[in-house]
Amino acid sequence: MARQDRAERTRQALLRAAADEIAEKGYAGASLARISAAADVTIGALTFHFASKAALAEAVRDTGCALTRRALASLSAAYGCPTPPGEGEMRRVVAFTRTLARLLEDEPAVRAAARLAWDFPDDGNTWYAMWLPSLGQLVERARPDFAGWTTAEAVTATAVSVVTGAEFAARIGVPRGATAGLSPWEHVDRVWGLVLGARAPLLVAGDENPVGAVTAAPPVRTESGGRRPCRSVP
């Protein structure tokens with residue numbers, strides 16, 4: 001058991017070191033020697049756990065995707081079931097992108113997974129491909145919020161663009177003069193604020209939940225006009 005625990009600690013140390021390396025340098029620039037040194041293990045120990053650089057990168061990507069799934073599931077549970085038309089589904093789209101931006105800022109494995117999506121654009125199993133269907137569902141439910149103003153395609157494109165911008169800011173940083181030192185998720189808020197400025201009710205600052213947190217879902221209207229808690233969606 002002690003040997004298994006030690007092996008798992010070594011594996012996790014390698015994943016953390018590889019996430020930092022890939023997030024900063026990309027797949028081609030990542031060095032197994034630097035990763036093993038950062039994890040304080042030998043190259044032999046690295047290849048014992050991961051037979052190749054590709055296998056290590058795949059494990060890092062899977063870790064980043066798993067963290068993202070858990071965070072988005074927590075966000076969905078916190079909101080609960082869809083609200084009636086016109087009651088702010090667009091806020092879920094904004095909160096969705098904020099959550100992704102926070103992950104990109106806080107989790108090296110998520111930054112690495114996003115970086116690998118650019119390094120291997122023909123791979124259908126990327127970090128972006130993992131959450132795009134969920135974004136599409138949210139935008140579709142939000143149609144009543146922007147009907148007559150813009151299109152679902154435009155909202156989806158904007159959401160993807162702000163997440164991509166957050167990834168860029170998290171990966172290499174943006175000159176302070178360009179963003180006044182904003183963090184990636186604050187940058188996301190500024191972009192949405194510009195896009196939705198004339199429609200302020202759709203954007204409520206701080207409406208998202210901390211990554212991984214599950215809170216009480218917002219209430220929704222009943223048919224009689226009252227308010228009731230909304231059950232979380234499994």
Side-chain angles (χ1 to χ4, degrees), residues 65-106 110 114 126-167 169 182-234:
C65 288
L67 286 169
T68 304
R69 287 191 190 94
R70 286 200 295 270
L72 294 178
S74 294
L75 183 69
S76 178
Y79 268 103
C81 61
T83 61
E87 289 198 12
E89 285 291 324
M90 186 61 197
R91 295 198 310 188
R92 296 181 185 232
V93 176
V94 175
F96 187 95
T97 60
R98 283 193 186 125
T99 297
L100 293 176
R102 283 187 181 274
L103 283 166
L104 287 163
E105 181 178 23
D106 296 339
V110 174
T126 67
W127 181 74
Y128 280 91
M130 181 267 296
W131 53 259
L132 276 171
S134 296
L135 173 64
Q137 293 170 8
L138 288 177
V139 171
E140 188 61 31
R141 290 206 298 264
R143 275 183 183 272
D145 287 343
F146 54 77
W149 169 56
T150 188
T151 65
E153 292 77 13
V155 172
T156 300
T158 300
V160 173
S161 294
V162 297
V163 174
T164 304
E167 184 207 337
L182 296 178
S183 66
W185 69 270
E186 289 171 327
H187 177 70
V188 166
D189 271 2
R190 291 294 179 89
V191 175
W192 278 120
L194 177 65
V195 173
L196 302 175
R199 298 174 177 271
L202 302 185
L203 178 63
V204 178
D207 196 49
E208 88 290 355
N209 299 282
V211 171
V214 179
T215 61
V220 298
R221 297 187 186 281
T222 62
E223 292 182 1
S224 61
R227 310 282 291 186
R228 62 171 173 80
C230 182
R231 292 182 180 177
S232 295
V233 176

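For reference, positions follow the sequence shown, starting with 1.
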K.L.:
Do you know the tightest heavy-atom contact between Thr151 and Phe146?
P.N.:
C-CE1, 3.6 Å
K.L.:
Mind running side-chain contact (heavy atoms from CB on, under 4.5 Å) on Leu72 and Leu100 for me, showing each step along the way?
P.N.:
CA-CA 8 Å; Leu72 294 178; Leu100 293 176; 4.2 Å; yes
K.L.:
Evaluate the side-chain contact (heavy atoms from CB on, under 4.5 Å) criterion for residues Leu104 and Val163: first the C-alpha distance (whole Å), next the side-chain angles of each, then the deciding distance (0.1 Å), finally the verdict.
P.N.:
CA-CA 9 Å; Leu104 287 163; Val163 174; 4.3 Å; yes
K.L.:
Look up atom OG1 in Thr150 and atom CZ in Arg143, then write down how far apart they are to the nearest 0.5 Å.
P.N.:
10.5 Å
K.L.:
Treating Thr158 as the side-chain partner and Ala154 as the backbone partner, does any N or O pair qualify as donor plus acceptor under 3.5 Å?
P.N.:
yes
K.L.:
Just grab all the salt bridge (Lys or Arg N to Asp or Glu O under 4.0 Å) pairs involving residues 130-139, residues at least two apart or on different chains.
P.N.:
none
K.L.:
Please give me the minimum heavy-atom distance between Val188 and Ala166, naming the atom from each residue.
P.N.:
CG2-CB, 3.8 Å
K.L.:
State, to 0.1 Å, how close Trp149 and Val195 come at their nearest heavy-atom pair, and which atoms those are.
P.N.:
CZ2-O, 3.7 Å
K.L.:
With distance as the sole test, does Thr156 use its side chain to make a donor-acceptor pair with the main-chain N or O of Glu153 at under 3.5 Å?
P.N.:
no
K.L.:
Checking Ser161 now: which residues fulfil side-chain contact (heavy atoms from CB on, under 4.5 Å) with it, not counting sequence neighbours?
P.N.:
none
K.L.:
What closest approach, in Å, do Ala152 and Val139 show between heavy atoms, and which atom pair accounts for it?
P.N.:
O-CG1, 3.6 Å
K.L.:
Would Trp131 and Thr68 satisfy side chain to side chain donor-acceptor pair (under 3.5 Å), going step by step from the backbone distance to the final call?
P.N.:
CA-CA 8 Å; Trp131 53 259; Thr68 304; over 6 Å; no
K.L.:
To check you understand the geometry: which heavy-atom pair defines the closest contact between Met90 and Val155, and what is its length?
P.N.:
CE-CG1, 3.6 Å
K.L.:
Please step through side-chain contact (heavy atoms from CB on, under 4.5 Å) for the pair Tyr128 and Thr164, ending with a clear verdict.
P.N.:
CA-CA 9 Å; Tyr128 280 91; Thr164 304; 3.7 Å; yes
K.L.:
I need the minimum non-hydrogen distance between Ala159 and Val93, along with the two atoms involved.
P.N.:
CB-CG1, 4.3 Å
K.L.:
Let me confirm one number: the CZ-SG distance from Arg70 to Cys65, rounded to the nearest 0.5 Å.
P.N.:
11.5 Å
K.L.:
Between Glu89 and Arg92, does any NZ, NE, NH1 or NH2 come within less than 4.0 Å of an OD or OE carboxylate oxygen?
P.N.:
yes
K.L.:
Can you tell me how far OG of Ser76 sits from CZ of Arg69, rounded to the nearest 0.5 angstrom?
P.N.:
14.5 Å
